[in-house]
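Notes follow once the structure below has been shown.
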Amino acid sequence: MAFEDRYGLELSTNSHRAAEAYRRGHDLMLAAWPGAAECFDEALQHDPSFALALIARARMHFAYAEAPLARQKAALARQLGASNGTDRERSHIEAIAVGIEGQPAKSLEASLAHLENWPRDAVILSLPLGAFGLYAFSGIANHDQARVDLCERHARHYGEDWWFLTYLGWSHTENGAVGAGRHLTQKGLDLRRENANAAHALAHAMYEDGSLEDADHFIDGWLPGYDRKGILHGHIAWHQALLALEKEDAARALDIYKRAIAREVSTAAPLNAVTDRASLLWRIWVCGHTVDPALWDDVARDALQLFPQAGVAFADVHVAMAAAATGNRDAFASRLRELDARLASGKLPPGPVVLAICRAAQAFAARDYAECASLLKPVAADVVRIGGSHAQRDIVEDTLLVALMQSGQVQEARTLLDKRLHRRPALRDSRWLAGLPH
């Protein structure tokens with residue numbers, strides 16, 4: 001008897017229980033819902049030679065920066081796939097394995113080629129998508145459009161599928177079609193309420209269209225049903241903290257930080273943990289509010305522990321912010337030397353913009369606002385290259401705006417605020433614009 005996944009693709013296992021556990025894990029992984037790793041472990045208990053379950057488990061290890069386990073399982077999945085897998089399964093394994101082995105460009109190339117033959121392989125289609133996906137971290141400037149193009153290319157193969165609608169909607173939202181994106185994402189969430197990726201994407205759409213009250217109400221109602229072990233729990237709370245900052249409620253933003261994002265309360269994956277913590281404290285500070293130095297010390301220590309070396313540009317920017325905010329000159333200088341070396345050797349996909357942001361953070365922390373602005377203005381159009389979402393990258397533009405205002409560059413600040421307000425409604429931007437001298 002041949003077993004299939006939810007998308008009708010063959011699964012090379014002779015165990016009904018293994019196939020069933022894999023299908024459950026497959027959907028939980030696509031929904032960013034807790035329990036996927038346990039399902040893949042269960043599948044492997046029923047069939048230790050089930051290569052797809054093994055590479056899926058490797059991917060879960062990789063998401064949580066458990067590199068040795070991820071590499072070990074990826075290598076074994078390759079061996080098993082070579083001996084008892086189909087062409088589709090071997091291609092699937094390879095696309096994931098090369099990424100785990102530190103070759104994201106090859107992973108992207110392999111994923112796109114794979115999808116030409118097996119477009120309904122949702123796990124592989126998920127790899128280039130998202131704020132931390134292969135497109136976002138590729139260093140290319142048009143990755144928002146690339147995600148939309150990829151989704152639209154394969155839309156006919158998915159129809160009203162809850163996972164696909166989620167990512168199609170998020171991709172359109174990030175590419176500027178916010179109304180269409182919100183509608184598609186809502187459909188995805190309606191089809192599967194236990195879908196953290198859809199809840200996250202909807203929070204983005206509401207942020208982009210200025211629906212602050214809708215977003216706050218939605219997160220209040222949805223988040224309590226999502227276990228804290230969920231990979232996006234802290235990040236969705238982070239979105240709610242941004243809403244509080246829009247309303248100048250720094251006390252509430254800090255309360256959300258302490259209840260849902262701080263190390264003591266969150267089990268987020270390392271990349272989410274470091275970037276959410278550092279960026280929220282930085283935003284609170286940039287907006288003119290006080291941040292307890294002890295909070296910064298914890299964030300800076302964790303950032304260096306989780307990302308001790310340069311290599312993930314989006315993380316490196318946040319590590320540098322934490323080092324700058326705590327005055328850790330040695331850590332800051334070390335990270336810049338590593339980034340300089342990676343840039344010189346062609347191993348920094350986003351290019352010089354990463355170093356410019358890091359140096360600007362140091363200048364801002366030293367209250368050298370003119371220097372901060374002079375570093376950020378020439379690279380403003382390239383910030384997209386570091387990856388992440390619009391909401392996450394706004395931290396760089398926020399820093400530039402405050403630096404412009406603090407250094408007396410009023411006309412440039414007004415021009416940038418006008419541009420931002422034409423992109424999305426924002427209470428804070430409106431307040432800043434109204435407060436500028438004429």
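Positions are given from 1, in the same order as the sequence printed here. Any value given below was found using the heavy atoms of this structure, including those in side chains, with hydrogens, waters and symmetry copies removed.
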Which label fits His26 and Tyr22: parallel for a plane angle under 30°, tilted from 30 to 60°, or perpendicular past 60°?
tilted
(Q) Can you confirm whether or not the ring centre of His154 sits under 6.0 Å from the ring centre of Tyr158? (A) no
With a 4.0 Å cut-off on N to O distance, would you call Asp255 and Lys258 a salt bridge? no
Whether the side chain of Asp316 engages the backbone of Gly311 through a donor-acceptor N/O pair (distance < 3.5 Å, no angle test) should be reported. yes
Check the angle between the aromatic planes of His200 and His204 and answer parallel, tilted or perpendicular using the 30° and 60° thresholds. perpendicular
Distance-only criterion, 3.5 Å: show the donor-acceptor pairs between side-chain atoms of residues 63-70 and protein atoms not counting sequence neighbours.
residue : atom : partner : partner atom : Å
Glu66   : OE1  : His61   : ND1          : 2.6

Over 12 non-hydrogen atoms of neighbours within 6.0 angstrom of NZ in Lys247
yes
Applying side chain to side chain contact (heavy atoms under 4.5 Å, CB included), run through Thr399 and Trp282 and close with a yes or a no. CA-CA 9 Å; Thr399 304; Trp282 185 272; 3.0 Å; yes
Take atom CD in Glu109; do more than 12 heavy atoms of anything else shown fall under 6.0 Å from it? no
Output for pair (His289 NE2, Leu254 CG), nearest 0.5 Å, gives 9.0 Å
Please check if any side-chain donor atom of Glu89 sits under 3.5 Å from a side-chain acceptor atom of Thr86, or the reverse. yes
Does the side chain of Asp398 come within less than 4.5 Å of Arg420's, by heavy atoms?
yes
Those residues at least two apart in sequence (or on a different chain) that pass salt bridge (charged side-chain N to carboxylate O under 4.0 Å, His left out) with Asp302 are Arg263, Arg277
Worksheet item: Any donor-acceptor pair under 3.5 Å linking the side chain of Arg147 with the backbone of Ser171?
Response: no
Output for pair (Phe218 CZ, Leu223 CG), nearest 0.5 Å, gives 9.0 Å
Residues passing the salt bridge (charged side-chain N to carboxylate O under 4.0 Å, His left out) test with Arg59, sequence neighbours excluded, are none
> Are Arg393 and Asp144 ion-paired here, with the side-chain N under 4.0 Å from a carboxylate O?
Replying inline: yes
Notebook entry, point to check: In terms of ring plane angle, is the pair Phe364 and Trp285 parallel, tilted or perpendicular, where the classes change at 30° and 60°?
Noted result: perpendicular
I'd like to know if the side chain of Asn197 and the backbone of Leu30 have a donor-acceptor N/O pair within less than 3.5 Å. yes
TODO: Go through Arg153 and Glu116 one step at a time and tell me if the side chain to side chain contact (heavy atoms under 4.5 Å, CB included) criterion holds.
DONE: CA-CA 10 Å; Arg153 179 177 181 83; Glu116 292 304 305; 2.8 Å; yes
To the nearest 0.5 Å, atom OH of Tyr135 lies from atom CG of Leu129 at 8.5 Å
The complete set of side chain to side chain donor-acceptor pair (under 3.5 Å) pairs with one or both residues in residues 220-233, sequence neighbours excluded, reads Asp220-Gln240
inquiry  = Given 3.5 Å as the limit, does a donor-acceptor pair link the side chain of Ser107 with the main chain of Gln103, or not?
reply    = no
Any side-chain heavy-atom pair from Asn195 and Trp33 closer than 4.5 angstrom?
no
Legend entry - Arg301 with Asp298: basic N within carboxylate O range, under 4.0 Å: yes
query = Quick one: do Lys187 and Glu160 make a salt bridge, cutoff under 4.0 Å?
reply = yes
- Message: Could you tell me if the side chain of Thr185 sits less than 4.5 Å from the side chain of Leu165, heavy atoms only?
- Response: no
Is Arg6 paired with Asp161 through a side-chain N to carboxylate O contact shorter than 4.0 Å?
-> yes
Taken to the nearest 0.5 Å, the spacing of Thr415 OG1 from Leu417 CG works out to 9.0 Å
Point to revise | Close side-chain approach of Phe132 to Gln392, heavy-atom, < 4.5 Å | key: yes
Open item on the list: Determine whether the aromatic ring centres of residues His114 and Trp118 are separated by less than 6.0 angstrom.
Closed with: yes
Mind listing the side-chain donor-acceptor pairs of residues 45-53 below 3.5 Å, one per line with the distance, residues two or more places apart or on another chain?
residue : atom : partner : partner atom : Å
Asp47   : OD1  : Ser49   : N            : 3.0
Asp47   : OD1  : Ser49   : OG           : 2.7
Asp47   : OD2  : Thr13   : OG1          : 2.6

Practice item. May I have the step-by-step check of side chain to side chain contact (heavy atoms under 4.5 Å, CB included) for Leu343 and Leu339, ending in yes or no? Key: CA-CA 6 Å; Leu343 180 64; Leu339 289 169; over 6 Å; no
* Are Lys419 and Asp429 close enough for a salt bridge, meaning some N to O gap below 4.0 Å? -> no
Is Glu20 salt-bridged to Arg17, cutoff N-O under 4.0 Å? no
Rounded to the nearest 0.5 angstrom, the CG-CG distance for Leu232 and Asp276 is 9.0 Å
_Testing the 3.5 Å rule here: is there a donor-acceptor pair between the side chains of Arg182 and Ser211?_
yes
Distance col, row Ser138:OG vs His143:NE2, nearest 0.5 angstrom, shows 6.5 Å
Open item on the list: Strictly distance-based, threshold 3.5 Å: is any side-chain N or O of Asn142 a donor or acceptor partner for the main-chain N or O of Gln145?
Closed with: no
Is it true that Glu94 and Arg78 make a salt bridge, defined as a side-chain N closer than 4.0 Å to a carboxylate O?
yes
Ser83 side chain to Leu80 main-chain N or O, any donor-acceptor pair under 3.5 Å?
yes
Strictly distance-based, threshold 3.5 Å: is any side-chain N or O of Glu174 a donor or acceptor partner for the main-chain N or O of His390? yes
- Query: Looking at Arg423 and Asp418, does any basic side-chain N land under 4.0 Å from a carboxylate oxygen?
  - Reply: no
Judged by atom type as modelled, is there a donor-acceptor pair below 3.5 Å linking the side chain of Thr275 to the main-chain atoms of Leu271? yes
Close side-chain approach of Arg90 and Asp87, heavy atoms under 4.5 Å
yes
**Asked** Is Ser12 close to Phe3 at the side-chain level, that is, under 4.5 Å between some pair of heavy atoms?
**Response** no
Within the structure provided, determine whether Leu184 and Phe164 are in side-chain contact (heavy-atom separation under 4.5 Å).
no
Which of Arg283, Arg428, Arg431 passes salt bridge (charged side-chain N to carboxylate O under 4.0 Å, His left out) with Glu246? It is Arg428
| query | Do the numbers put Arg424 on top of the ring of Tyr207, so that NZ or CZ is under 6.0 Å from the six-membered ring centre and no more than 45° off the axis? | reply | yes
- Should Lys106 and Glu101 count as an ion pair when the cut-off is N to O under 4.0 Å? no
In short, Trp163 meets Ala122 closest at the heavy-atom pair CH2-O, 3.7 Å
Taken in chain and number order and not counting sequence neighbours, the residues that satisfy side-chain contact (heavy atoms from CB on, under 4.5 Å) with Glu338 are Gln309, Ala310, Ser334, Arg335
So do Leu150 and Leu115 actually touch side chain to side chain, heavy atoms under 4.5 Å? yes
Do Arg24 and Glu38 meet the salt-bridge criterion of a basic N to acidic O distance under 4.0 Å?
-> no
| From CA spacing to verdict: side chain to side chain contact (heavy atoms under 4.5 Å, CB included), Val123, Ile96 | CA-CA 9 Å; Val123 170; Ile96 297 173; 4.1 Å; yes
